[in-house]
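The structure appears below as structure tokens.
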2 protein chains.
Amino acid sequence: MQNTPVTLKNLAEKLKMSISTVSKALNNYPTINEFTKKRVQDLARELHFTPNKSAINLKQGKSKIIGIILPNLLDHFFTRSVYGLEQFASTLGYNVIISQSHDSLEKEIQSANMLLQTRVDGLIVAISKHTQDFSHFNEFEKMGTPVVYYTRNPSFNLNCHKVLCNTFQGAYQATKFLIERGHQHIAYLGGPKMISFTHDRFNGYIHSLKDHGIPFSAELVAYTDFDKESTITAIKSLFSSEEKIPTALVAFKEPILFDAMKYLRSINHPNFQNLECIGFGNTSFISYFNSPPVASIEENPESVGENAMKLLLQLLNRNIEISDYQKILVDCRLVVH
Amino acid sequence: MQNTPVTLKNLAEKLKMSISTVSKALNNYPTINEFTKKRVQDLARELHFTPNKSAINLKQGKSKIIGIILPNLLDHFFTRSVYGLEQFASTLGYNVIISQSHDSLEKEIQSANMLLQTRVDGLIVAISKHTQDFSHFNEFEKMGTPVVYYTRNPSFNLNCHKVLCNTFQGAYQATKFLIERGHQHIAYLGGPKMISFTHDRFNGYIHSLKDHGIPFSAELVAYTDFDKESTITAIKSLFSSEEKIPTALVAFKEPILFDAMKYLRSINHPNFQNLECIGFGNTSFISYFNSPPVASIEENPESVGENAMKLLLQLLNRNIEISDYQKILVDCRLVVH
DNA sequence: AACTATATTTCAAACGTTTGAAATAATAGC
DNA sequence: GCTATTATTTCAAACGTTTGAAATATAGTT
């Protein structure tokens with residue numbers, strides 16, 4: 001009843017020629033007669049011949065697959081980055097396997113092993129929040145499989161390839177923008193301290209204040225771990241000060257900003273209506289808000305993804321030596337609403 | 001410099017035993033001596049032996065991979081469904097390859113071919129908006145690879161397996177809820193007519209009206225194609241009537257609802273503040289809205305995904321005959337805000 | 001017709017596994 | 001010490017490709 005897939009052997013038998021002729025005809029070898037090619041290709045099409053990727057991979061020792069490990073597909077940054085990754089890979093005949101770590105180290109290791117077994121030709125990783133140890137990626141390097149870290153990366157480690165948002169610049173610009181709109185008390189609501197770029201963002205904020213002669217105040221800085229409770233705790237602390245009530249806010253991520261706004265609205269905070277905010281992310285939902293956010297920091301995730309893939313493919317083609325570690329920064333863009 | 005991966009042969013040589021012993025030891029064959037097993041497994045661990053999946057697939061004629069084709073990962077419904085799909089697959093040792101069609105038939109065909117070459121053991125599909133012809137999935141069935149459609153499906157075709165949201169019930173409940181809150185003029189903003197379940201939703205709305213003695217009025221129904229312009233056109237037509245201005249609205253999808261709200265707010269429509277709305281989706285952003293939406297229709301995408309995978313795995317294990325076509329409905333839940 | 005040059009096809013090994021059948025080793029029974 | 005069992009290991013073929021080397025066919029020269 002159910003057919004087994006058509007193989008080169010089947011075609012060869014039907015055409016009364018050898019398997020290698022069939023193979024070469026399908027791969028358009030110049031030594032094969034044009035008429036033979038046509039005969040083979042016609043029959044292949046007619047019988048829906050579909051080459052067995054496993055066999056090809058095995059023979060060729062490469063899979064034409066790029067593995068992607070990322071924390072989460074619910075986060076629009078990553079989903080959008082996938083678009084850039086895939087786009088660029090497919091133009092060069094590579095496919096992509098995406099594996100979510102759900103910000104768990106254990107799951108990340110599992111994913112790495114799975115991709116190792118699949119013999120991916122390269123790996124692109126945004127590490128989980130908890131990853132401090134990178135030994136599960138060493139095997140790839142040992143086998144000569146290039147690894148590119150993107151966005152979330154081992155910040156202390158220079159000996160790796162990375163493609164990052166220029167998050168310093170993003171925070172700097174956002175802060176500058178708010179200063180230029182006349183704000184003096186600009187609060188900063190940061191993200192989890194384990195994430196590599198948390199500090200870059202904070203530095204952008206600090207440097208911008210400094211460059212524009214606004215004094216820094218520790219009371220205007222708080223951190224959240226992304227969950228609602230910790231965001232509310234943070235926002236409470238920012239708005240609890242006696243004299244320095246923030247009139248503007250730079251937030252680590254738009255969803256955090258939403259939670260913060262929601263809370264301030266719910267307690268009817270007097271400053272709520274005039275507060276001006278900017279968050280990282282530029283999610284499409286921002287445009288539905290009627291009040292606070294005045295701008296978004298667009299992190300260009302598609303471009304980050306594309307750059308990561310571009311770098312990886314250069315490593316694969318040995319256009320760049322694998323030991324010549326690259327660091328690429330993709331600029332952010334301030335989007336005013 | 002760069003090592004080639006360790007193979008069974010390498011292990012066998014180092015241990016001075018045959019490849020088959022090594023293979024069987026690693027696969028825990030009962031005929032292999034316990035001490036031998038230990039020696040093999042220890043060395044395998046030490047040398048980081050990683051079995052080559054391509055070789056295994058080739059030999060066994062199965063890949064332990066399930067292919068997923070879906071329109072888009074930017075849509076939270078699909079992203080959440082992936083969670084259910086993966087979750088369930090991984091407990092049974094299956095991996096998943098996700099391919100986005102971006103609602104293009106051409107890309108969908110490409111994805112199908114790629115997955116065919118990968119020799120996936122099964123396929124789960126949410127078809128693109130434009131897919132009317134399903135011949136690109138026939139090859140799977142021919143090779144005995146089961147295909148399960150989920151959410152978006154060939155509605156006219158009974159001879160396939162499908163797992164769907166009970167979208168009729170969702171629309172019915174939402175409408176009922178609004179009626180019970182005293183509304184008489186409940187508008188319905190539908191989605192693209194090519195999507196299979198557009199009509200089911202509309203029917204839920206209609207039946208609910210009928211069952212509760214509310215007369216149906218064609219002026220209270222409009223359709224959008226998801227893009228902003230067509231949503232605005234639709235909403236204009238709904239609110240243009242002389243006598244029957246809607247006091248409540250059921251929308252095909254929350255993002256559409258957001259666009260609609262934004263428009264009404266921007267023109268300062270007199271009914272805007274009192275309008276009560278319900279959309280399909282229950283995106284997390286809904287909770288940040290301060291005005292209209294009073295409830296969401298939670299479609300339980302994780303459960304839809306899980307059910308699709310569960311069905312597929314039963315087909316794979318021949319617990320269900322492939323020709324015994326199944327249709328599974330997953331209920332929606334009204335979430336009141 | 002014999003030889004060369006060229007075009008085309010085929011051979012055969014290899015990639016890394018799995019697995020039933022066959023071979024060998026170890027143990028027990030006498 | 002020999003045979004019968006049983007435990008353990010090895011042989012060898014197979015999965016579906018690719019590919020350089022070898023073989024064969026075809027055409028061109030003389």
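Proteins get letters first, then strands, A, B, ... in listed order; numbering begins at 1 in each.
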Kindly write out the residues that satisfy side-chain hydrogen bond (donor to acceptor under 3.5 Å, both in side chains) with Thr50(A), not counting sequence neighbours, or none if the list is empty. none

Regarding Asn10(A) and Thr7(A), do their side chains bring together a donor and an acceptor under 3.5 Å, going by distance alone? yes

Residues Ser99(B) and Ser111(B): side-chain donor-acceptor under 3.5 angstrom: yes

Would you be so kind as to tabulate the donor-acceptor pairs closer than 3.5 Å made by side chains of residues 68-76 of chain B, with sequence neighbours excluded?
{"from": "Asn72(B)", "atom 1": "OD1", "to": "Leu74(B)", "atom 2": "N", "distance (Å)": "2.8"}
{"from": "Asp75(B)", "atom 1": "OD1", "to": "Phe77(B)", "atom 2": "N", "distance (Å)": "2.8"}
{"from": "Asp75(B)", "atom 1": "OD2", "to": "Lys253(B)", "atom 2": "NZ", "distance (Å)": "3.0"}

First and last nucleotide of DNA chain D in contact with chain B, 5' to 3', at under 4.0 Å to a heavy atom: what are they? dT8(D) to dG16(D)

Give me the residues of residues 46-55 of chain A where at least one heavy atom lies under 4.0 Å from an atom of DNA chain C, by number, or none. none

Expected output is a numbered-order residue list: members of residues 31-44 of chain B with a heavy atom under 4.0 Å from any atom of DNA chain D. What is it? Thr31(B), Ile32(B), Asn33(B), Thr36(B)

Residue-level proximity of residues 5-21 of chain B to DNA chain D when a heavy atom falls under 4.0 Å: Met17(B), Ser18(B), Ser20(B), Thr21(B)

Does some side-chain heavy atom of [Y] sit less than 4.5 Å from a side-chain heavy atom of [X]?
| X | Y | answer |
| --- | --- | --- |
| Asn95(A) | Thr118(B) | no |
| Asn307(B) | Leu311(B) | no |
| Tyr94(A) | Val96(A) | no |

Just grab all the salt bridge (charged side-chain N to carboxylate O under 4.0 Å, His left out) pairs involving [range], residues at least two apart or on different chains.
| range | value |
| --- | --- |
| residues 39-55 of chain B | Lys38(B)-Asp42(B), Asp42(B)-Arg45(B) |
| residues 81-93 of chain B | none |
| residues 93-112 of chain B | Asp103(B)-Arg152(B) |

Mind listing the side-chain donor-acceptor pairs of residues 323-330 of chain B below 3.5 Å, one per line with the distance, residues two or more places apart or on another chain?
{"from": "Asp324(B)", "atom 1": "OD2", "to": "Gln326(B)", "atom 2": "NE2", "distance (Å)": "3.4"}
{"from": "Gln326(B)", "atom 1": "NE2", "to": "Asp324(B)", "atom 2": "O", "distance (Å)": "3.2"}

Results of side chain to side chain contact (heavy atoms under 4.5 Å, CB included) for Leu47(A) - residues two or more places apart only: Val6(A), Leu11(A), Lys14(A), Leu43(A)

Between Pro30(B) and Leu58(B), which residue's closest nucleotide on DNA chain D lies nearer the 5′ terminus? Pro30(B)

How is Asn57(A) classified with respect to the nucleic acid when contacts are heavy atoms under 4.0 Å: base, sugar-phosphate, or nothing? nothing

Ring pair (Phe, Tyr, Trp, His ring centres under 6.0 Å) involving Tyr83(A) - partner list, sequence neighbours excluded: His102(B)

